[in-house]
Amino acid sequence: MRKLSSTNFYNQTFLEEKCRLNELINLLSKRWLTEVMFSIEEGNNRFSSLKEDLQHISDNVLADRLKLLEQHKLIIRNDNFREVPSRVEYSLSATGEQLSELLGGLCQFSENEMEFPS
């Protein structure tokens with residue numbers, strides 16, 4: 001939880017109100033978020049397969065990132081299976097697919113054009 005009276009909160013709020021891109025960058029900067037999206041795009045559509053693909057992510061962080069992605073309508077959660085135990089599958093929404101394509105381009109740009117200190 002953010003402290004609502006902090007300077008950091010006011011600064012972030014200002015930036016988010018100035019341009020929606022700042023809000024998107026803040027969302028994407030959360031650790032593991034983009035990797036969860038990419039993993040879903042690659043076909044890992046169940047919690048267990050995501051966990052297996054992203055070996056070092058904790059259950060709590062994975063669950064949180066899935067909730068965030070669903071909240072922002074970047075993934076779709078499908079739990080309409082009548083199975084015991086219950087089954088949930090995730091897929092990218094149309095918006096999530098668009099964002100993933102843009103992020104793929106940024107990945108290529110960062111690998112081919114950017115130089116980062118070691």
Next on the checklist: What's the separation between atom CD1 in I76 and atom CD in E89, rounded to the nearest 0.5 Å?
Outcome noted: 12.0 Å

Item to check | Same apolar cluster (I L V M F W Y, side chains within < 4.5 Å links), L21/L33 | outcome: yes

Checklist outcome for this item: Interatomic distance, CZ@F116 vs CD@E111, rounded to 0.5 Å, equals 10.0 Å

Checklist entry - Above 12 or not: heavy atoms from other molecules or residues under 6.0 Å from CD of E52? => result no

Next on the checklist: Please report the interatomic distance CD(E23) to NZ(K18), rounded to the nearest 0.5 Å.
Outcome noted: 15.0 Å

Checklist entry - Considering all heavy atoms of both residues, which atom of L92 and which atom of M37 are nearest to each other, and what is their separation? => result CD2-O, 4.0 Å

Checklist entry - Quick one: are F38 and L103 in side-chain contact, heavy atoms under 4.5 Å? => result yes

Checklist entry - Any side-chain heavy-atom pair from S91 and N45 closer than 4.5 angstrom? => result no

Next on the checklist: Taking F9 as the starting point, is it possible to reach I25 by hopping between hydrophobic residues whose side chains are less than 4.5 Å apart?
Outcome noted: no

Next on the checklist: With heavy-atom distances below 4.5 Å as the criterion, would you say the side chains of L68 and Q71 are in contact?
Outcome noted: yes

Next on the checklist: Taking G96's backbone N and O only, do any of them form a donor-acceptor pair with S100's side chain (distance below 3.5 Å, no angle check)?
Outcome noted: no

Next on the checklist: If I take atom CG from residue D53 and atom OG from residue S48, how far apart are they, to the nearest 0.5 angstrom?
Outcome noted: 11.5 Å

Item to check | Shortest non-hydrogen contact from W32 toward H56 | outcome: CZ2-C, 3.9 Å

Next on the checklist: Taking the side chain as everything from C-beta on, heavy atoms only, tell me whether L99 gets closer than 4.5 Å to L24.
Outcome noted: yes

Next on the checklist: When you compare the side chain of I57 with that of V36, does any pair of heavy atoms fall below 4.5 Å?
Outcome noted: yes

Next on the checklist: Assess the residue pair K67 and E70 against the criterion (salt bridge (Lys or Arg N to Asp or Glu O under 4.0 Å)); give the C-alpha distance rounded to whole Å, side-chain angles, the decisive distance to 0.1 Å, and a yes or no.
Outcome noted: CA-CA 5 Å; K67 286 179 191 172; E70 185 180 9; over 6 Å; no

Checklist entry - Any side-chain heavy atom of F47 sitting closer than 4.5 Å to one from D59? => result yes

Checklist entry - Do the side chain of R65 and the main chain of R31 share a donor and acceptor less than 3.5 angstrom apart? => result yes

Checklist entry - Say you draw a straight line from NZ of K51 to CZ of R46; how long is it, rounded to the nearest 0.5 Å? => result 15.5 Å

Item to check | Heavy-atom side-chain contact between L50 and L66 under 4.5 Å | outcome: yes

Next on the checklist: Return the OG1 to CG distance between T95 and L69, rounded to the nearest 0.5 Å.
Outcome noted: 12.0 Å

Next on the checklist: Walk me through whether L102 and L106 qualify under side-chain contact (heavy atoms from CB on, under 4.5 Å).
Outcome noted: CA-CA 6 Å; L102 292 169; L106 286 174; 5.7 Å; no

Next on the checklist: So Q98 and E101, do their side chains get closer than 4.5 Å, heavy atoms only?
Outcome noted: no

